[in-house]
Participant: 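Sharing a structure below in structure tokens format, with a few things to ask.
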Amino acid sequence: MLKKTVVSKYTASYTIKRLLSNNASKKIIIDPSTVEFTKRNDSILKNLNLFYPSMTDINNNTNNSNIGIKAKSINQFQLDYSNINEDSTNDIVSINGRIKNIRYSGKKICFIDLYDSNRNDQVLQLIINFNIISKFNQNNLTNEIFTKNINLYKVGDYIHSIGYPGLSQSHQKNLSLKCNQLPKFLSTAQLPLPPKLADHNKIKNNRVVDYQVNGVSSLILRSFIIKQIRSFLDIQNFIEVETPILSNKSNGAHATPFETKLSSMKHDPLQSNLFLRISPELWLKRLIVSGLDRVYEIGKVFRNEGIDQTHNPEFTTLEFYQSYASLEDLINQSQDLFKFILLNLNDSKLIHGDAKEVTSKLINELSNNNWKFNRVDFLPTLTKEINNGIDYTKFDLNDSISLLNSIPSDARNKILPASSEEGFKISSQQILDKLSSYYIESRYCNSLLPTLIYHHPTVMSPLAKSNPANPIISKRFELYINGKEYINAYEEENCPQEQEQKFLNQKFVNENFNDTEALSIDSQYIEAMKWGMPPIGGLGLGIDRLCMLLLNKQRIDEVLSFGCIDAVNRQ
């Protein structure tokens, strides 16, 4: 049996005062009504059960004393009674919600705007009229008791209201719930919310306050976007799976992993030294080998990297893998996925303002291009832009020294570190990545119309299938919008011997060029491939960046529920 915790008046009072003090020290905007809240808190402390009742008791009391009461949400209430022309006194309804605004008309009438947490934009008016409640109330209700009670309600309180649908007496004849008893408290706000919150630093350091003041539309839209992705893949018979987040290997992308230890296995370093995954890729491809033709996962990945406008060490990705899919199939699926998300988002009632504007612009850009992405071929474009007489489609891209020396000196000084003069060693993979950023991404990928760069050099793509007719390039593409990368996709390498050699090449890069992000050898994955891996097409999509795009946000922390890791640590 659980031991009941007893909170003394002194302890609770001290706790509330400490909370007020702490939040003041965090520079949260405090409304002048703080004094009123402090006075009310004294009343709350005298009877905590009254202000924080159990929902079981609320429901039992409602059902026992008022037979025939219909429990409804605000949305359902408005749908059911939107067409009434007069008060419907025979329909007794109960509604739970949160107080958004309070207005008084003398001492006998109080108007409360009520909303539920998921629909901050949808408000129901409660009319608390002394004369109506007196008529329905069996007990004697005095003016003094009525006034004392309605003065206790504050913005931010959660209340349980019972009454009948009716129309206000104003010119608008607003649909309202006319209460036939005083609303009961479900929970109280012990701190006043600021009337406005626009300062970015204050927002990111207290999302709890931010969402209450500015609404939760970003969370709702993010959820909707992810649902559309799931729906798109489910229609195509993909199976959603979950793969390990912790293991003694971390592979599948060029990134530095987070390391941790399993204390129960500390006697066995092979088992105790663990990594947070940087990608689910190799696990998902194991499942294809296991017999699933189409798999996907939407989940967290972790990369030990810096924080900026588009990067956070913890972020969300979609990865899917499909047997027998070619590079062209992946491009078509990407185009179809964007079309599916954009049209459904545009048809929903969830978007407005900046999000509606950017969605409409994207739809126009793509529909005017027959819902096709622009395409840029990697090496021919690089050859054209460098324009130094070298045909990079026929160049030995594995020779990093020759590749480095082929770059015009003015460009080399801009894109390579100063240490490149003497004793500096840089891999072909790193050079090509910088060349792509400088000559291709910055010049061809800055429009709103999605643009894909395709046929990356094989040396940059250790998990991708090389082109048998031209082994220097791979069956890979990356998708950019307004200069930001959203998708990385390719036909997967399914030959175990070729994959092993590509892993060995990565090991060479790691050891000779100090490239800590080069892929390590995953021997178990190669062994799994030997059971027979079909041709596979795979795609990775950054969900946080997609949400930034569709919500028209400039910073990744604006689409994460509690922001980036630095802000998370302060909340």
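Keep in mind it's a predicted model, so treat the numbers as computed, not measured.
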Participant: Measuring only between side-chain heavy atoms, which start at C-beta, is D396 closer than 4.5 Å to D399?
Facilitator: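 Yes; the side chains approach each other to less than 4.5 Å.
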Participant: Going by heavy atoms in the side chains, are N312 and L560 under 4.5 Å from each other?
Facilitator: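 Yes, their side chains come closer than 4.5 Å.
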Participant: Establish, from distance only, whether the side-chain atoms of D391 and T393 form a donor-acceptor pair under 3.5 Å.
Facilitator: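 Present: a donor and an acceptor within the cut-off.
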Participant: For the residue pair E319 / S279, report whether a side-chain donor-acceptor contact shorter than 3.5 Å exists.
Facilitator: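 Yes, a side-chain donor-acceptor pair sits under 3.5 Å.
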Participant: Does the pair E527/K530 count as a salt bridge with the N-to-O cut at 4.0 Å?
Facilitator: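 The answer is yes: the pair qualifies as a salt bridge.
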Participant: For F238, does the six-membered ring have the charged nitrogen or CZ of R294 within the cation-pi criterion, i.e. under 6.0 angstrom from the centroid and within 45° of the normal?
Facilitator: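 Yes, R294 lies over the aromatic ring of F238.
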Participant: Decide whether a cation-pi geometry holds between R443 and Y438; the criteria are a distance under 6.0 Å from NZ or CZ to the six-membered ring centre and an angle within 45° of the ring axis.
Facilitator: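 Judged by the rule, R443 and Y438 form a cation-pi pair.
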Participant: About how many Å separate CG of L541 and OG1 of T317, when rounded to the nearest 0.5 Å?
Facilitator: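 That separation rounds to 8.5 Å.
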Participant: Would you mind reporting whether S247 and W283 have side-chain heavy atoms less than 4.5 Å apart?
Facilitator: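 Yes. Closest side-chain heavy atoms under 4.5 Å.
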Participant: Run the numbers on L345 and L550 for side chain to side chain contact (heavy atoms under 4.5 Å, CB included), then give the verdict.
Facilitator: CA-CA 9 Å; L345 185 60; L550 299 181; 4.1 Å; yes
Participant: Q322 and Q236: side-chain donor and acceptor closer than 3.5 Å?
Facilitator: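 There is no such pair (donor and acceptor under 3.5 Å, judged by atom type) between the side chains of Q322 and Q236.
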Participant: I want to check something: taking the side chain as every heavy atom from C-beta on, are T310 and I556 in contact at a cut-off of under 4.5 Å?
Facilitator: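 The answer is no, as the side chains (C-beta and beyond) never meet within the 4.5 Å cut-off.
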Participant: Can you check whether W371 reaches Q335 side chain to side chain, under 4.5 Å on heavy atoms?
Facilitator: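 Result no, sub-4.5 Å side-chain heavy-atom pair not found.
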Participant: Any donor-acceptor pair under 3.5 Å linking the side chain of D557 with the backbone of C564?
Facilitator: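 Absent.
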Participant: I'd like to check L379 versus K394 (side-chain heavy atoms, cut-off strictly below 4.5 Å). Are they in contact?
Facilitator: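 They are not in contact (no side-chain heavy atoms under 4.5 Å apart), so the answer is no.
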Participant: Are a donor atom and an acceptor atom from the side chains of N405 and R412 found within less than 3.5 Å of each other?
Facilitator: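 On atom types as modelled, these side chains do not qualify, holding no pair under 3.5 Å.
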Participant: Hey, are K502 and S466 close enough side-chain-wise for a donor-acceptor pair under 3.5 Å?
Facilitator: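 Checked: S466/K502 side chains pair up, N/O donor to acceptor below 3.5 Å.
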Participant: Over 60° means perpendicular and under 30° means parallel, so classify the ring planes of F373 and F338, tilted if in between.
Facilitator: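 Perpendicular.
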Participant: For side-chain hydrogen bond (donor to acceptor under 3.5 Å, both in side chains), just list the numbers for Q78 and Q122, CA-CA rounded to whole Å, side-chain angles, deciding distance to a tenth of an Å, and then say yes or no.
Facilitator: CA-CA 9 Å; Q78 291 176 332; Q122 194 170 57; 3.3 Å; yes
Participant: Strictly distance-based, threshold 3.5 Å: is any side-chain N or O of R545 a donor or acceptor partner for the main-chain N or O of E485?
Facilitator: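 Side chain of R545 to backbone of E485: a pair is present.
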Participant: Quick one: are L463 and E493 in side-chain contact, heavy atoms under 4.5 Å?
Facilitator: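 When only atoms from C-beta onward are counted, E493 and L463 do not touch, as no gap falls below 4.5 Å.
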Participant: For a side chain to side chain contact (heavy atoms under 4.5 Å, CB included) check, start with the C-alpha distance between V209 and V213, then their side-chain angles and the critical distance, and finish with the verdict.
Facilitator: CA-CA 6 Å; V209 174; V213 175; 4.1 Å; yes
Participant: As a quick check of understanding, evaluate side-chain hydrogen bond (donor to acceptor under 3.5 Å, both in side chains) for T243 and R277, giving each step before the final call.
Facilitator: CA-CA 10 Å; T243 60; R277 73 178 181 196; 2.9 Å; yes
Participant: Salt bridge or not between D544 and R222? Use side-chain N to carboxylate O under 4.0 Å.
Facilitator: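 Result for this pair is yes, salt bridge flagged.
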Participant: Just by distance, with hydrogens left out, do H311 and E305 show a side-chain donor and acceptor under 3.5 Å apart?
Facilitator: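 There is no such pair (donor and acceptor under 3.5 Å, judged by atom type) between the side chains of H311 and E305.
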Participant: Quiz question: by atom type and distance under 3.5 Å, do the side chains of D433 and Q429 form a donor-acceptor pair?
Facilitator: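 Side chains of D433 and Q429: no pair found under 3.5 Å.
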Participant: Do E385 and Y444 get their side chains close enough for a donor-acceptor pair, meaning under 3.5 Å?
Facilitator: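 On atom types as modelled, these side chains qualify, holding a pair under 3.5 Å.
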Participant: Determine, stepwise, if the pair S218 / Y211 fulfils side chain to side chain contact (heavy atoms under 4.5 Å, CB included).
Facilitator: CA-CA 9 Å; S218 63; Y211 291 135; 4.2 Å; yes
Participant: Run the salt-bridge test on K227 and D234 with the 4.0 Å N-O cut-off and return the result as yes or no.
Facilitator: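 Result for this pair is no, no salt bridge flagged.
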Participant: Could you walk me through whether F340 and F232 satisfy the ring pair (Phe, Tyr, Trp, His ring centres under 6.0 Å) test, starting with their C-alpha distance in whole Å, then the side-chain angles of each, then the deciding distance to 0.1 Å, before giving a yes or no?
Facilitator: CA-CA 7 Å; F340 186 87; F232 176 82; 5.7 Å; yes
Participant: State whether a side-chain donor-acceptor pair under 3.5 Å links K196 with N214.
Facilitator: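 Checked: K196/N214 side chains show no N/O donor-acceptor pair below 3.5 Å.
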Participant: Are H455 and F378 close enough that their ring centers fall under 6.0 Å?
Facilitator: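 Between H455 and F378, the centre distance exceeds or equals 6.0 Å.
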Participant: Heavy atoms, side chains only, cut-off 4.5 Å: are L330 and I487 in contact?
Facilitator: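 L330 does not reach I487 side chain to side chain.
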Participant: State plainly whether the residues E492 and K285 are in salt-bridge range, i.e. N to O under 4.0 Å.
Facilitator: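 So E492 pairs with K285 through a salt bridge.
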Participant: Please tell me whether N388 and Y392 have a donor and an acceptor in their side chains that are separated by less than 3.5 angstrom.
Facilitator: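 On atom types as modelled, these side chains qualify, holding a pair under 3.5 Å.
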Participant: With distance as the sole test, does E498 use its side chain to make a donor-acceptor pair with the main-chain N or O of N494 at under 3.5 Å?
Facilitator: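 Here the side-chain-to-backbone pair does not exist.
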Participant: Donor-acceptor pair, distance only, cut-off 3.5 Å: does the side chain of S447 make one with the backbone of C445?
Facilitator: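 Flag not set: sc S447 to bb C445 has no pair under 3.5 Å.
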Participant: Step by step, would you call L403 with L432 a side chain to side chain contact (heavy atoms under 4.5 Å, CB included)?
Facilitator: CA-CA 9 Å; L403 181 60; L432 288 164; 3.9 Å; yes
Participant: For residues 358-379, which residue pairs qualify under salt bridge (Lys or Arg N to Asp or Glu O under 4.0 Å), counting only residues two or more places apart or in two chains?
Facilitator: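 Of all non-adjacent pairs touching residues 358-379, those that pass salt bridge (Lys or Arg N to Asp or Glu O under 4.0 Å) are E328-R375, E357-K361.
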Participant: With a 3.5 Å distance limit and no angle check, can you tell me whether Q430 reaches the backbone of S427 through a side-chain donor-acceptor pair?
Facilitator: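 Judged by distance alone, yes, a pair lies under 3.5 Å.
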Participant: Under the side-chain hydrogen bond (donor to acceptor under 3.5 Å, both in side chains) criterion, do S428 and S400 qualify, and how do the steps go?
Facilitator: CA-CA 5 Å; S428 294; S400 61; 4.6 Å; no
Participant: Given 3.5 Å as the limit, does a donor-acceptor pair link the side chain of E491 with the main chain of L327, or not?
Facilitator: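 Looks like yes, one N/O pair under 3.5 Å.
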Participant: Can a donor-acceptor pair be found, under 3.5 Å and without considering hydrogens, that links the side chain of Q333 to the backbone of A325?
Facilitator: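 No, the answer is negative, given that no donor and acceptor are paired below the 3.5 Å cut-off.
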Participant: I'd like to know if the side chain of R98 pairs up with that of Q212 as donor and acceptor (distance under 3.5 Å, no hydrogens or angles considered).
Facilitator: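 Judged by distance alone, the side chains do pair up.
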